[in-house]
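To keep things clear, I will list the structure first and then write my remarks on it.
Note that these values count all heavy atoms, side chains included, but never hydrogens, waters or copies made by symmetry. Naming: A, B, ... by sequence-line order, numbering from 1 per chain.
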Number of protein chains: 2
Amino acid sequence: MATLKYSRQREAIKEYLSHTKEHPTADTIYMRIREIYPNISLGTIYRNLSLLVEKGEIIRINGIDGSDHYDGNTQKHYHFLCKDCQRILDLEMDSIDHINDIANKNFPGEIEGHATYFYGRCEECN
Amino acid sequence: MATLKYSRQREAIKEYLSHTKEHPTADTIYMRIREIYPNISLGTIYRNLSLLVEKGEIIRINGIDGSDHYDGNTQKHYHFLCKDCQRILDLEMDSIDHINDIANKNFPGEIEGHATYFYGRCEECN
DNA sequence: TTAGATAATAGTAATTATTATTATAAACCT
DNA sequence: AGGTTTATAATAATAATTACTATTATCTAA
């Protein structure tokens with residue numbers, strides 16, 4: 001594979017994601033980075049997000065709503081979706097990897113993993 | 001809310017979903033129903049799928065890939081996605097609702113539930 | 001049963017999120 | 001610095017879904 005050339009646009013995206021606790025969409029990231037690079041293109045955002053996900057430097061969260069969200073925290077963790085304010089929060093919790101074994105009990109195939117998020121009301125909306 | 005008027009198109013969608021073990025997308029359903037009602041509109045498919053989901057007569061599976069899938073089996077169950085053949089299969093398994101409590105342990109908000117699917121290789125692809 | 005009211009449909013346009021294309025600009029190498 | 005290559009901005013294209021509207025089907029009650 002070709003070597004990845006430096007770009008300040010990509011660096012700014014990575015930097016922004018590593019400092020926010022929000023879990024922004026591509027569009028939100030676009031608006032934020034545009035404050036620094038006013039004529040950055042949405043295509044650049046999408047391409048670099050995919051590159052960073054491939055390199056394992058950020059995480060893509062999908063399936064929570066219509067659009068993908070991104071997370072600078074690459075440590076394995078679960079997410080919580082508040083049904084009121086729609087925010088995505090990080091969950092610090094014990095492993096639940098044993099659910100793979102529960103699922104595999106009566107299943108003839110091979111379960112490699114699971115995709116899970118939790119939902120409810122966050123502290124502030126409660 | 002206004003009363004729901006009968007329509008044979010909606011009935012055909014419900015009927016098809018109750019007899020298939022596939023977990024078709026709106027587009028697949030569209031192709032199947034068109035065999036019976038050749039000029040059914042895709043908009044009709046989408047609108048009726050949403051109505052049936054609201055009435056609790058079918059289930060919408062989202063977050064597995066780009067498009068939503070639908071399931072005529074309304075009993076609570078989990079799904080498995082084969083990474084090889086991309087099929088969605090039903091899982092018969094014990095409850096894992098206790099993961100809500102695990103998630104709630106260090107969380108200040110209120111966890112109401114979780115959305116989970118499992119992935120790996122199905123029997124036939126193994 | 002049939003006329004009037006209302007909801008559903010087909011056909012089409014619009015929207016949203018994302019990916020593809022391409023000419024120009026920035027980064028890298030020697 | 002000059003040449004090569006990758007990245008970018010700008011835009012077009014795509015895919016899934018929702019919105020709109022004139023016509024048709026269903027329902028209701030006389």
query = Just how far, in rounded Å, is P of D:dT17 from CD1 of B:I61?
reply = 13 Å
message = Check this one for me: any side-chain N or O of B:R47 less than 4.0 Å away from OP1 or OP2 of C:dA8?
response = no
inquiry  = Rounded to whole Å, how long is the line connecting atom CG of B:N39 with atom P of D:dT23?
reply    = 16 Å
key: Separation of atom CD in A:E54 from atom C1' in D:dA7, rounded to whole Å   = 15 Å
ask   = Looking at D:dA10, does its base get a donor-acceptor pair with the side chain of A:S41 below 3.5 Å?
value = yes
Separation of atom CE in B:M31 from atom C1' in D:dA15, rounded to whole Å = 14 Å
query = Should B:E22 and B:R87 count as an ion pair when the cut-off is N to O under 4.0 Å?
reply = no
task = Could you tell me whether the phosphate oxygens of D:dA25, OP1 or OP2, come under 4.0 Å of any side-chain nitrogen or oxygen in B:Q9?
result = no
message = If I take atom CD1 in residue A:I45 and atom P in nucleotide C:dA20, what distance separates them, rounded to the nearest angstrom?
response = 17 Å
query = How do B:G43 and B:Y6 order along DNA chain C: which one's closest nucleotide is nearer the 5' end?
reply = B:Y6
request  = For C:dT9, take OP1 and OP2 only and decide whether either is under 4.0 Å from a side-chain N or O of B:S7.
outcome  = yes
message = Quick check on D:dT26: is either OP1 or OP2 less than 4.0 Å from any side-chain nitrogen or oxygen of B:R8?
response = yes
message = Rounded to whole Å, please give me the gap between CZ in A:R60 and P in C:dA17.
response = 15 Å
message = Under 4.0 Å, counting only non-hydrogen atoms across every strand here, what does B:D68 touch: a base, just sugar-phosphate, or nothing?
response = sugar-phosphate
ask   = Quick one: do B:K105 and A:E92 make a salt bridge, cutoff under 4.0 Å?
value = no
ask   = Is there a side-chain contact between A:F118 and A:M93 (heavy atoms, below 4.5 Å)?
value = yes
ask   = In whole angstrom, what separates B:K5's NZ from D:dT26's C1'?
value = 5 Å
request  = Under 4.0 Å between any heavy atoms, over every strand shown, what does B:L42 touch: base, sugar-phosphate, or nothing? Just pick one.
outcome  = base
request  = Look at the side-chain N and O atoms of A:Y46 and state whether any lies under 4.0 Å from the OP1 or OP2 oxygen of C:dT19.
outcome  = no
ask   = Is it the case that one hydrophobic cluster holds both B:I111 and A:I64, taking links as side-chain heavy atoms less than 4.5 Å apart, direct or via other members?
value = no
inquiry  = So for atom CZ, which belongs to A:R121, do other residues, nucleotides or ligands contribute more than 12 heavy atoms lying within a distance under 6.0 Å?
reply    = no
ask   = Can you check whether A:N48 has a side-chain N or O nearer than 4.0 Å to OP1 or OP2 of D:dT8?
value = yes
inquiry  = Rounded to whole Å, how long is the line connecting atom CG of B:D65 with atom P of C:dA17?
reply    = 18 Å
